[in-house]
Amino acid sequence: MQLQTDWPIGVFDSGVGGLTVLNALREKLPNENLLYLGDTARVPYGTKSSLSVTRYAEQAAACLIRQQIKMLVVACNTASAVAIEPLRAIYPHLPIVGVVEPGAEASCEATRNGHIGVIATESTVNNAAYQTAILKQNPDASVVAQPCSLFVALAEEGWHDGPLVDQIVARCLEPFSMEHSQIDTLVLGCTHFPALRQSIARVMGDAVSLVDSAQTTAVYVSDLLQKTNLMNQSGCGAEVNFMVTDGPERFVRVASHFFSEKIDPARVQVVDIQHIHIPETES
Ligand code: DGL
């Protein structure tokens with residue numbers, strides 16, 4: 001099927017975290033229609049097996065593709081880490097962008113001494129996705145990755161700052177603050193973590209640059225829209241619509257910690273994606 005320039009870009013995440021990527025897309029591409037899917041019924045992905053996360057990602061992608069999208073942004077590090085290749089194999093004609101490569105690129109640009117730390121969910125760390133992507137771009141880099149799944153719950157509860165959060169963050173980031181850690185760059189390899197940026201910055205100190213994938217992903221998406229001639233030309237005012245798999249009220253409430261615009265509950269549709277058909281390959 002011919003992709004149309006006025007179709008939305010489909011963006012999905014396990015829940016609300018991907019809204020940090022949606023923010024960056026809104027800012028970089030104000031003329032693009034966006035359709036966001038948060039799989040709130042099955043969040044978190046970060047503690048699940050690769051097999052489950054791949055199935056969830058395939059179902060989320062199938063749901064968005066049914067709505068006619070011109071590009072898919074996998075705005076979840078965990079899903080990007082394990083499911084990007086299976087998705088590209090099923091939908092070879094749809095441009096698909098993940099967040100791991102852009103985050104790895106941002107860290108390689110930021111580091112001065114080649115020592116890079118990564119914090120992410122358990123599943124992303126176990127999959128070694130960032131480690132692999134960073135070493136692909138800079139084979140001389142040294143990468144230390146640490147799971148911090150607890151940050152997801154803190155971010156969703158709106159606990160972003162304050163002495164108690166600093167204490168938890170300091171405890172989780174202990175491997176990086178030990179004397180032998182020489183990292184000068186820390187990748188926030190989970191879409192929730194930018195919410196805790198101030199606390200993480202305080203704990204890590206000024207000598208460590210924090211990078212996340214949101215801005216770099218928006219640049220990737222913009223470049224890819226140009227390259228594929230899919231930039232929206234109609235200046236009719238871009239729309240952002242939302243789908244969730246559970247709890248639209250909670251989504252709207254928690255989203256206010258992550259998304260800079262107020263979400264109109266009328267734009268949030270509840271969908272059931274658990275029984276959706278997954279094609280073997282796109283016809
Ligand atoms: N959005 C997920 C990620 O970026 C984190 C939340 C989860 O565990 O589902 O990895």
Side-chain angles (χ1 to χ4, degrees), residues 10-25 36-61 64 72-84 87 96-104 106-107 117-133 145-160 169 172 186-197 200 210-218 220 242-247 250-251 254-255 257-259 273:
V11 181
F12 87 85
D13 178 53
S14 56
V16 289
L19 294 170
T20 54
V21 178
L22 201 72
N23 266 331
L25 290 170
Y36 184 90
L37 169 62
D39 191 4
T40 45
R42 299 186 290 198
V43 69
Y45 283 8
T47 48
K48 310 257 163 54
S49 69
S50 298
L51 204 65
S52 294
V53 174
T54 302
R55 179 161 47 86
Y56 298 167
E58 287 174 354
Q59 290 169 336
L64 284 165
L72 178 68
V73 177
V74 182
C76 172
N77 288 268
T78 310
S80 296
V82 303
I84 204 91
L87 290 174
I96 301 180
V97 177
V99 286
V100 169
E101 268 176 38
S107 72
V118 177
I119 51 173
T121 64
E122 207 177 300
S123 174
T124 305
V125 170
N126 289 346
N127 188 271
Y130 269 100
Q131 296 92 311
T132 309
Q146 171 71 16
C148 293
S149 300
L150 187 56
F151 291 0
V152 173
L154 290 178
E156 292 219 351
E157 284 303 314
W159 288 30
H160 298 168
V169 168
C172 294
L186 182 67
V187 183
L188 311 185
C190 169
T191 49
H192 283 67
F193 296 179
L196 304 181
R197 181 182 277 270
I200 296 170
L210 303 185
V211 299
D212 70 70
S213 320
Q215 317 296 334
T216 336
T217 300
Y220 259 58
F242 298 89
M243 295 187 291
V244 291
T245 52
D246 193 30
R250 185 173 200 279
F251 175 78
V254 179
H257 302 310
F258 294 85
F259 194 49
I273 63 174

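If you're wondering where the values come from, they're calculated on a predicted model, not measured in any experiment. Both counts, for ligands and for their atoms, begin at 1 and track the order of listing.
Of the protein's heavy atoms, G46 N, 2.8 Å lies nearest to atom 8 (O) of ligand 1. In this structure, the protein non-hydrogen atom closest to atom 5 (C) of ligand 1 is C190 SG, 3.2 Å. The nearest heavy-atom contact from the protein to atom 2 (C) of ligand 1 is C76 SG, 3.5 Å.
The distance from ligand 1 to the heavy atoms of S14 drops below 4.0 Å at these ligand atoms: 1 (N), 2 (C), 6 (C), 7 (C), 9 (O). Ligand-side atoms of ligand 1 in range of V43: 9 (O), range being under 4.0 angstrom from any heavy atom. Counting the atoms of ligand 1 from 1 in the order shown, those under 4.0 Å from a heavy atom of Y45 are 7 (C), 8 (O), 9 (O).
Considering V125, I119, V100 as possible partners of Y130, the one that fulfils the side chain to side chain contact (heavy atoms under 4.5 Å, CB included) test is V100.
Between the S123 side chain and the T78 main chain, no donor and acceptor come within less than 3.5 Å of each other. Judged purely by atom type and a 3.5 angstrom limit, T40 has no side-chain atom pairing as donor or acceptor with the backbone of V244. Here the side chain of T216 pairs no donor or acceptor atom with the backbone of G103 at under 3.5 angstrom.
Heavy atoms of P44 approach ligand 1 to within less than 4.0 angstrom. The shortest heavy-atom distance from G15 to ligand 1 is not under 4.0 Å.
Contacts between T191 and ligand 1, counted as non-hydrogen atom pairs separated by less than 4.0 Å, involve both the backbone and the side chain. Residue-level proximity to ligand 1 for T78 is carried by backbone and side chain together, each with a heavy atom below 4.0 angstrom. At a 4.0 Å heavy-atom cut-off, ligand 1 touches T121 through the side chain alone.
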task: Carefully, step by step, assess L22 and F242 under the rule side chain to side chain contact (heavy atoms under 4.5 Å, CB included).
output: CA-CA 11 Å; L22 201 72; F242 298 89; 3.7 Å; yes
message: Working note: I84 + E101, criterion side chain to side chain contact (heavy atoms under 4.5 Å, CB included); need CA distance, chi angles, decisive distance, verdict.
response: CA-CA 11 Å; I84 204 91; E101 268 176 38; over 6 Å; no
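When only interatomic distances are considered, the shortest N/O to N/O separation between N77 and ligand 1 falls below 3.5 Å.
A tilted orientation is assigned to the rings of Y45 and Y56, their planes being inclined by 30° to 60°.
T47 and S149 share no side-chain donor-acceptor pair at under 3.5 Å.
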